[in-house]
Engineer: 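I have a structure here, written as structure tokens, and I will follow up with some questions on it.
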Amino acid sequence: MPATIETPKPDFTHTPSRDGDRVIQFREALREALSEEMRKDPRIFLMGEEVAQYNGAYKVSQGMLDEFGPERIIDTPISENGFAGLGIGAAMYGLRPVIEFMSWSFSLVAADQILNNAPKMLYMSGGQWGCPIVFRGNDGAGGQLGSTHSWCIEALYSNVPGLKMAIPSCPYDAKGLLKTSLLDDDPVFFLESERMLGDKAHVPEEEYYIPFGKAALRREGSDCTVVSFGRPVHFCLDAAEELAKEGMNCDVLDMRTVRPLDLDAIIESIRKTNRIVVVDQSWPFASVASEVITQVCEHGFDWLDAPPVRVNSDDVPTPYAKELEAAYLPNAHKIAQAVRTACGRA
Amino acid sequence: MSMTTTDPGVNRPSAALADDILLGWLRKMLLIREFEIRTMAAYQQAKIGGFCHIYNGQEAVVTGTFAAINDDDPIITAYRDHGHALARGMDPRHCMAEMYGRVSGCAKGKGGSMHMFDKPNWLFGGHGIVGAQTPVGAGLAFGAKYTHEVLKRGPKKVCLCFLGDGAINQGAFHEAMNLAGLFSIPVIYIIENNGYSMGTAIHRGTTMHDKLYKKAEANAIEPIEIDGMDVLNVYDKFKPYADMLREEQRPGFVDLKTYRYQGHSMSDPQKYRTKEEVGEYQDRDPINSLAHHVLSQRECLTEDEFKALQKEVKAQVKEAVAFAEADPAPDPEAELYSDVYANPQPNLSPIRDYVEGAKNPLL
């Protein structure tokens, strides 16, 4: 019988301040999370394209080859279906792989492995073999990359039971959520954003973990609840700033994980605001916003004074031209307009 | 490329094996054959649902290769997997109960015929998508090598990753072979080459079908061809090959020529081949060959003992069927939402909370 090694449970009680002057980049926060856990658990290895000798296509893993060596920081050929599946086998065997997709757009060629194998293994085997693996990479439009390289996979992939999905919006959360992902016994899809990797903020040097399924209230207001995930959280905050000048104040909820989804935090907020706008960068049809609004209607209908409003990417392939791409993505202007609609002030 | 065929008398590791070991192989192959006969009967009675792929004719493949490796070497295969489960040591009662969709099945009725998993015996499934198990097999071998070399635990291992000849053309397999060759991963890809991917003869779907070993060589993997209708030959050729790959910790590729007597699945009218062709292979039946060897050449079994062995195996399989028949169906309240997450937590599903399942009967 293969030996089972218990992984320690993350300590969620320690919550260091978000304020401070240790300002580092989002990518450095990710690196810190990976490195801290790799120092403690030799079963963790990082595998992907350009992660080692190139120091990471986006420099997330810069310097990690020097510290951990080629046995644990492993360059792969361009072969996503192959190395995603390799990671799954290694996870079943007892290791804790971190598989980096340079972009989640490239994970589509590995869809069979990451959707058909990783999240279903525990069920198919009647509880014998789980798959403790972290798939991570850039999600969403990177900036004029065109339709095939700008995938937002959150709606498509979160449809599949058996996986968890985290999507941080800031360096502090990036570290805490990735550290939690590395200790989880289930497959975690961790969504980063090329556009945020250079974002700077205070990140505590000490270790801390952020629980899945707990939204963060980024701004308080009583007129409308604005719910979002990952990068668009910033657009929501910009919109809220703009709307405050018009006398409309928003609760802005940063959900931090798609699955689990902190519905309780949303319901608590709409009990106060009675209005909701959901912002997600997936396409609108069967999107994460669709799911959030469905759950809100199922569990919080009585609290709503107006129909929920969603803001998604436009329902077309991602365009190249700068102006078209800007028009296509969720932005503060669209979100502000959606809040006005929800509040009957459009 | 080492092309090997049966050449009696020269370098036969099986000659040094005790009689009991060969008799164990005979019992194993009889068990698989009898089990599959009962499986087909149960399927025809609609006791077993879904897709069901029968192993008859290919018994020497698992019997000979498993005999050449260690009990704690990882194994992974495709959906024609009953033989692998039984040969690896799964109790036929749990194997049959799985196909019946019963709670004492090896996957508690959640996997079915194509998803036989057996953790105590290091069997990592039973996989339904053609070729999808081949990168996972590379990962199992990678895990074993990493455990040995980086974690400094555990022995040198090889992983046997089985696939049919129809899986050769899947991209996943080519990616897996490239990674195995590149990283020197000790996964041995065993092509159970029965000549057909469903109804498509190998020459209709695969380039260089008579030189499959070249596909391995293109990925820096040293291949071997083995006639898989004779278990002694499988063992004799595979044993030194697997030993070498284990020691040197590098990948392998075996074009193991075999034949399935039944259709691709239970719903295959088999219009793509002749009865004469099937008959030619049945004349070289792997069970008959080994029985002949132990009865007439080694003379370590008498006709009466052989009959008693057959009777014993029949009784064992009959008992497995009775076990499956009597076993209760899984309770949806307890089992539908269990084993989805190893670490279930609230709000993972809009429908209801996931729970931890009942302990797997194999654990």
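Letters A, B, ... mirror the listed sequences (proteins, then strands); counts begin at 1.
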Engineer: Going by an N to O cut-off under 4.0 Å, is there a salt bridge joining A/Asp185 and A/Arg96?
Structural biologist: yes
Engineer: Closer than 4.0 angstrom, basic N to acidic O: yes or no for B/Asp91 and B/Arg93?
Structural biologist: yes
Engineer: Students often mix this up, so state it plainly: with edges at 30° and 60°, are the rings of A/Phe83 and A/Phe101 parallel, tilted or perpendicular?
Structural biologist: tilted
Engineer: For A/Gln113, which atoms come within 4.5 Å of any heavy atom of chain B: side chain, backbone, both, or neither?
Structural biologist: side chain
Engineer: Please identify, among A/Val258, A/Leu163, A/Asp262, A/Asp186, the residue contributing the most non-hydrogen atom pairs under 4.5 Å to chain B.
Structural biologist: A/Asp186
Engineer: Over 60° means perpendicular and under 30° means parallel, so classify the ring planes of B/Trp122 and A/Tyr93, tilted if in between.
Structural biologist: tilted
Engineer: Name all pairs fulfilling the side-chain hydrogen bond (donor to acceptor under 3.5 Å, both in side chains) condition that reach into residues 67-85 of chain A, sequence neighbours left out, sorted by first residue then second.
Structural biologist: A/Arg39-A/Glu67, A/Arg72-B/Tyr146, A/Ser79-B/Glu175
Engineer: I'd like to know if the side chain of A/His299 and the backbone of A/Asp264 have a donor-acceptor N/O pair within less than 3.5 Å.
Structural biologist: no
Engineer: If I measure from the heavy atoms of chain A, does B/Ile76 come under 4.5 Å with its side chain, its backbone, both, or neither?
Structural biologist: neither
Engineer: Is there a donor-acceptor pair under 3.5 Å between the side chain of B/Asn169 and the backbone N or O of B/Gly205?
Structural biologist: yes
Engineer: Check whether A/Leu95 gets within reach of chain B through its side chain, its backbone, both or neither, counting any heavy atom under 4.5 Å.
Structural biologist: side chain
Engineer: Applying side-chain contact (heavy atoms from CB on, under 4.5 Å), can you list everything that pairs with B/Ile129, at least two apart in sequence or on another chain?
Structural biologist: A/Asp112, A/Asn116, B/Ala132
Engineer: So, are A/Arg271 and A/Glu268 salt-bridged, with charged N and O less than 4.0 Å apart?
Structural biologist: no
Engineer: Where does A/Ile74 contact chain B at under 4.5 Å (heavy atoms): side chain, backbone, both or neither?
Structural biologist: side chain
Engineer: What parts of residues 94-102 of chain B touch chain A if we use heavy atoms and a cut-off under 4.5 Å?
Structural biologist: none
Engineer: Using a cut-off of under 4.5 Å on heavy-atom pairs, state which of A/Met121, A/Met165, A/Lys120 scores highest against chain B.
Structural biologist: A/Met121
Engineer: Let's test your reading of the structure: which of A/Lys164, A/Gln295, A/Met92 forms the most heavy-atom pairs below 4.5 Å with chain B?
Structural biologist: A/Lys164
Engineer: Counting heavy-atom pairs under 4.5 Å with chain B, which one of A/Pro260, A/Gly82, A/Pro97 comes out on top?
Structural biologist: A/Pro260
Engineer: For chain A, which residues from residues 332-355 of chain B have at least one heavy atom closer than 4.5 Å to it?
Structural biologist: B/Glu335, B/Leu336, B/Ser338, B/Asp339, B/Val340, B/Tyr341, B/Ala342, B/Asn343, B/Gln345, B/Pro346, B/Asn347, B/Leu348, B/Ser349, B/Pro350, B/Tyr354
Engineer: Could you tell me which portion of B/Asp71 (side chain, backbone, both or neither) has an atom closer than 4.5 angstrom to a non-hydrogen atom of chain A?
Structural biologist: neither
Engineer: Is there a salt bridge (Lys or Arg N to Asp or Glu O under 4.0 Å) between B/Arg246 and B/Asp73 once you walk through the steps?
Structural biologist: CA-CA 10 Å; B/Arg246 178 191 309 279; B/Asp73 285 324; 2.6 Å; yes
Engineer: Chain B: which of A/Gly87, A/Ser125, A/Gly130 shares the most heavy-atom pairs with it under 4.5 Å?
Structural biologist: A/Ser125
